[in-house]
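Heads up: the structure comes next, in structure tokens.
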Amino acid sequence: MKKVPFVTKQQLDEIVKDYPTPFHLYDEKGIRENARRVNKAFSWNKGFREYFAVKATPNPFILKILQEEGCGTDCSSLTELMMSDVCGFKGHDIMFSSNDTPAEDFKLASKLGAIINLDDISHIEFLEQVTGAIPETICCRFNTGGEFKISTSIMDTPGEAKYGFTREQLTEGFKILKEKGVKTFGLHAFLASNTKTNEYYPALARILFKTAVELKEETGADIKFINLSGGVGVPYHPDEEPNDIEAIGEGVRQAYEEILVSAGMDDVAIFTEMGRFMLAPYGHLITKAIHEKKIFKDYIGLDACACNLMRPAMYGAYHHITVAGKEDMPCDHKYDVTGSLCENNDKFAVDRMLPKIDIGDYIIIHDTGAHGFSMGYNYNGKLRSAEVLLKEDGSTQLIRRAETPADYFATFDFTGMFDKYTKQYK
Ligand SMILES: *Cc1c(COP(=O)(O)O)cnc(C)c1O
């Protein structure tokens with residue numbers, strides 16, 4: 001499918017007058033419409049709720065938009081819990097799905113009354129020790145082990161993943177939790193990431209539904225929700241088929257009818273914890289071409305780097321690139337599109353066919369709305385960019401300012417040492 005940016009060159013010419021490149025731009029309209037499609041696809045389930053995975057796009061303004069669309073938050077750390085709290089997510093609006101969890105994170109999750117999703121059987125005792133009690137509602141994460149297959153194709157290898165309880169540990173864990181006073185149980189699993197098939201959630205749901213029926217029989221646990229977690233992918237490449245969330249919702253509904261309703265468990269809520277599917281397509285990294293270099297290959301140097309978007313460097317991930325205003329020009333130039341890090345993997349694209357790029361052209365990097373800004377870092381002393389919201393009425397709002405050198409130097413304990421460089425930013 002042809003990839004079209006959600007901003008035009010004309011709009012960008014205006015936006016860059018207020019916000020210098022590089023910055024992440026988010027499309028409020030796209031975010032809201034997609035969230036509504038998700039809710040509609042699962043509207044057959046009375047208790048359905050999407051808990052947005054905060055780690056994908058940890059910005060309070062984005063969380064507020066999703067809150068207005070009925071979403072909760074899925075947190076993995078102390079600061080994500082703090083952000084959810086400050087944004088007005090209360091109690092069971094918050095899912096806490098973390099692993100290798102520090103004590104202080106459990107303490108805050110417990111204080112906020114979040115639904116805690118335990119990653120390991122040993123965390124039952126740990127949680128009780130650090131918080132003084134096991135909450136009445138709890139969730140456990142299941143690792144099916146081995147390979148996870150859909151039809152004949154291997155989607156992922158949970159047996160190699162550090163997450164979750166084994167099947168035997170679930171039975172034991174549920175029994176222990178029941179003895180400790182848990183009244184309401186949930187079951188969670190995350191078996192494959194960035195999936196490109198409508199079969200993923202339904203296949204995962206079948207596994208979790210069957211397991212829930214078994215666990216109820218074995219332990220008498222009252223299982224009230226099944227958390228399908230994240231993993232629903234987006235088409236980063238124009239050749240990829242987009243997932244159809246309506247078909248995914250329908251696939252889960254069929255599994256629900258067949259397995260849960262038949263077993264008399266017709267009051268189980270479905271939860272999801274999507275990050276990528278909720279946000280990735282509705283973010284662009286807006287950058288500018290600042291250098292062209294011709295040696296053994298032709299390089300276009302941008303004012304953004306892997307610190308602004310790590311996925312290409314880290315996973316060799318494809319992110320589509322549009323040269324603003326040259327959407328309809330022939331892609332007859334082959335470029336490596338780079339950032340300025342002293343790392344040769346700092347390339348947004350390798351051997352990419354693009355229209356002829358001129359210095360000063362605005363370069364739009366697609367699908368950066370999730371796991372984009374949030375995976376940013378400060379290597380080479382690079383500063384994090386701004387985040388800008390393109391609102392439904394076409395106006396823009398700065399939803400996070402860019403870092404300044406004062407931010408970068410703020411954690412050194414030599415007060416005043418950098419004043420000569422940082423005063424102007426205070
Ligand atoms: C990362 C993560 C998610 C979100 O995953 P996406 O692929 O962005 O949908 C959800 N739940 C947990 C526990 C995660 O670690």
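Start at 1 and go down the list; that is how both ligands and their atoms are numbered. This structure is a prediction, so every number in the text was calculated from the model and none was measured.
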What about His319 and Tyr236, are their ring centers closer than 6.0 Å?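 Ring centres of Tyr236 and His319 closer than 6.0 Å.
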Close aromatic pair by centroid cut-off 6.0 Å: His24 and His284: no
Pick one: which of Phe271, Phe185, Tyr51 meets ring-ring contact (aromatic ring centres under 6.0 Å, His included) with Phe225? Phe271
ring-ring contact (aromatic ring centres under 6.0 Å, His included), paired with Tyr256, selected from Phe42, Phe209, Phe48, Tyr201: Phe209
Are any of the N/O atoms on Gly275, whether in the backbone or the side chain, positioned under 3.5 angstrom from an N/O atom of ligand 1? yes
Do any nitrogen or oxygen atoms of Glu273 come within less than 3.5 Å of a nitrogen or oxygen of ligand 1?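 Yes - when backbone and side-chain N and O of Glu273 are compared with those of ligand 1, one distance drops under 3.5 Å.
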Heavy atom of Phe277, distance to ligand 1 below 4.0 Å: no
Quick check on Ser229 - does any of its heavy atoms sit under 4.0 Å from an atom of ligand 1?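 Checking ligand 1 against Ser229, which is what was asked, there is a heavy-atom contact under 4.0 Å.
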What's the shortest distance from atom 5 (O) of ligand 1 to any protein heavy atom, and which residue and atom give it? Phe190 CE1, 3.6 Å
Options Gly231, Ala56, Ser97, Ala53, ranked by nearest heavy atom to atom 6 (P) of ligand 1, top entry: Gly231
Pick, from Arg141, His371, Lys55, Met95, the option with the minimum heavy-atom distance to atom 2 (C) of ligand 1. Lys55
Could you tell me whether the side chains of Lys111 and Thr131 share a donor-acceptor contact shorter than 3.5 Å?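 No, Thr131 and Lys111 have no side-chain donor paired with an acceptor closer than 3.5 Å.
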Which bit of Asp74 gets closer than 4.0 Å to ligand 1, counting heavy atoms only: side chain, backbone, both or neither?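 Answer for Asp74: side chain.
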Criterion side-chain contact (heavy atoms from CB on, under 4.5 Å) against Cys140, the qualifying member of Asn227, Leu170, Ile124, Ile121: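 The residue from Asn227, Leu170, Ile124, Ile121 that satisfies side-chain contact (heavy atoms from CB on, under 4.5 Å) with Cys140 turns out to be Leu170.
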In sequence, state the C-alpha distance, the side-chain angles, and the governing distance for Glu403 and Asn378, and then conclude on side chain to side chain donor-acceptor pair (under 3.5 Å). CA-CA 10 Å; Glu403 279 182 349; Asn378 284 120; 3.1 Å; yes
Atoms of ligand 1 under 4.0 Å from any heavy atom of Met274, numbered from 1 in the order shown, are 9 (O)
Near Arg276, which atoms of ligand 1 are under 4.0 Å from a heavy atom of that residue? 6 (P), 7 (O), 8 (O), 9 (O)
